[in-house]
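To start, the structure under review is shown below, and the notes come after it.
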Amino acid sequence: MNQHELTYLKEKIEQLKADGVYRELPVNYGPCDNVINLNGKEVVNLSSNNYLGLANHPRVKDAAIEAVKTYGAGAGAVRTIVGNYDLIGKLEDLLAEFKHEEAVMCFQSGLNCNIGVIQAIVDKGDLIISDALNHASIIDGVRLSKADKAIFRHSDMAHLEEILKDKRDQYNNVLIITDGVFSMDGDLARLPDIVALAEQYHCMTYVDDAHGSGVLGESGRGTVDHFGLHGRVDFIIGTLSKAIGVVGGYVAGKQETKTWLSHRARPLLFSTALPPAATAAAMESVKMLMESTEFTDKLWDNAKYFKSKLGKLGFDTGHSETPITPVIIGNEAKTMQFSKALLEAGVYVSGIVFPTVPKGTGRLRCMISASHTRENLDFAVDAFARVGKSLGII
Ligand SMILES: *Cc1c(COP(=O)(O)O)cnc(C)c1O
């Protein structure tokens, strides 16, 4: 066999096709906004993480353009060499103020942040206890660390405590990791209970608030703010890629965390810093959230409106507590058929099926944004009603 023909990859791709899970990447021909040009067709976009509509906001775009004029297109190096231009520090100070935390360290993305922070803050002889539904980037971060790991059933506090009782004494540091908002169902972590257990068993806590930052709490300060737990969570991860509308990730917490990460976090040591356009744009978004609750108010208004309309039609929208609105269809093939029919009707909602979610719980995951107009939402609800009836779902 000639290895250079990558026969083994060709075979794997054929298997994807045989399994019915092969797909092409959809192409968006313009900005990510309430309506997008997907594969050449104008559709209402119910699939982005652009919760507040900031990805294409004029103020955010202008900030990016100005930063390029002043600082150029790229950082030029990793932060430990000459890539640490002053705007990054300014963004970190602003985020610390916004989050009511002592210090913030920024990374190139939320994924980078998780894989950099987790391996830097635990070591051999430590234990990580992680929720079963935590995000893939947490799983990767845990894999890269030298600590042992244990998984508790999703949001099952009795199981978490069982693990703590059983294992706490055998380890030096124990770190409990959870998503703040779980992205497939839109449910919140039981953070007050997790924090209480962590305090009782002398553990550290780590909350990945990628879907909570810019969404929950006062003007989007996040899940920790929502639950009034300031000062009681050790590591708070946020992303600048979702509600903030740009790209990047950060950890908020104590100054010692930041100092240690500046010496040990591998994405910071070995990968070029965020570009100036992204840094400045993210700063502008955060400033806008600090000036007013207008964006988060609109997001929640839209989400409540959409959820109540779908509920009245008879759809099962699960137990979401956030603007993430799953419409549970169940059967995998029917879920994908529903998504395809919606696209034909001018609404883009991605179908999510096994293995991303358990078998038989296929769903359309509607991502509501402050950028949606009432007309957009009504248009989408109408399409749901028509397709739902034609497929016998409602
Ligand atoms: C999206 C997401 C990330 C990754 O963030 P990026 O900035 O897109 O890399 C990390 N954690 C969670 C929980 C997420 O939902």
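Throughout, residue positions are numbered sequentially from 1 according to the sequence presented. Whatever order the structure lists ligands and atoms in, that order sets their numbers, starting from 1.
In this structure, atom 7 (O) of ligand 1 lies nearest to the protein heavy atom Ser241 OG, 2.5 Å. The protein atom (non-hydrogen) at minimum distance from atom 9 (O) of ligand 1 is Leu111 N, 2.9 Å. Protein heavy atom in closest approach to atom 14 (C) of ligand 1: Lys242 NZ, 2.8 Å. With hydrogens left out, the protein atom closest to atom 6 (P) of ligand 1 is Gly110 N, 3.3 Å, a heavy atom.
The pair Glu162-Lys165 fails the salt-bridge criterion, with no side-chain N (NZ, NE, NH1 or NH2) lying under 4.0 Å from an Asp/Glu carboxylate O. The existence of a salt bridge linking Lys167 and Asp148 is excluded, since no basic side-chain nitrogen approaches an acidic carboxylate oxygen closer than 4.0 Å.
Here's the thing with Ser183: none of its N/O atoms is less than 3.5 angstrom from an N/O atom of ligand 1.
For Gly249, the heavy-atom gap to ligand 1 stays at 4.0 angstrom or more.
Near Gly248, with a cut-off below 4.0 Å to any heavy atom, the atoms of ligand 1 are 7 (O). In summary, the atoms of ligand 1 found under 4.0 Å from a heavy atom of Asp179, numbered by their order in the structure, are 13 (C). Here is the list of ligand 1 atoms found below 4.0 Å of a heavy atom in Ser137: 10 (C), 11 (N). Atoms of ligand 1 lying under 4.0 Å from any heavy atom of His211, numbered from 1 in the order shown and given with element: 15 (O).
Only the side chain of Ala210 comes within contact range of ligand 1, with a heavy atom under 4.0 Å; no backbone atom does. Counting heavy atoms closer than 4.0 Å to ligand 1, residue Thr239 contributes side-chain atoms (C-beta onward) but none from N, CA, C or O.
Residues Leu160 and Leu191 are members of separate hydrophobic clusters, defined by side-chain heavy-atom contacts under 4.5 angstrom among Ile, Leu, Val, Met, Phe, Trp and Tyr.
In this structure, Tyr85 and Tyr71 have tilted ring planes: the angle between them lies in the 30° to 60° band.
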- Query: Should Tyr206 and Asn114 be marked as a side-chain hydrogen bond (donor to acceptor under 3.5 Å, both in side chains) after you check the CA-CA gap, both sets of side-chain angles, and the distance that decides it?
  - Reply: CA-CA 10 Å; Tyr206 184 112; Asn114 278 328; 2.6 Å; yes
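Side-chain contact check for Asp209 and Thr223: at least one donor-acceptor pair (N or O, by modelled atom type) lies under 3.5 Å.
Between Arg143 and Gln119, every side-chain heavy-atom pair lies at or beyond the 4.5 Å cut-off.
Taking only non-hydrogen atoms, the option from Asp208, Asn49, Asp209 nearest to atom 11 (N) of ligand 1 is Asp208.
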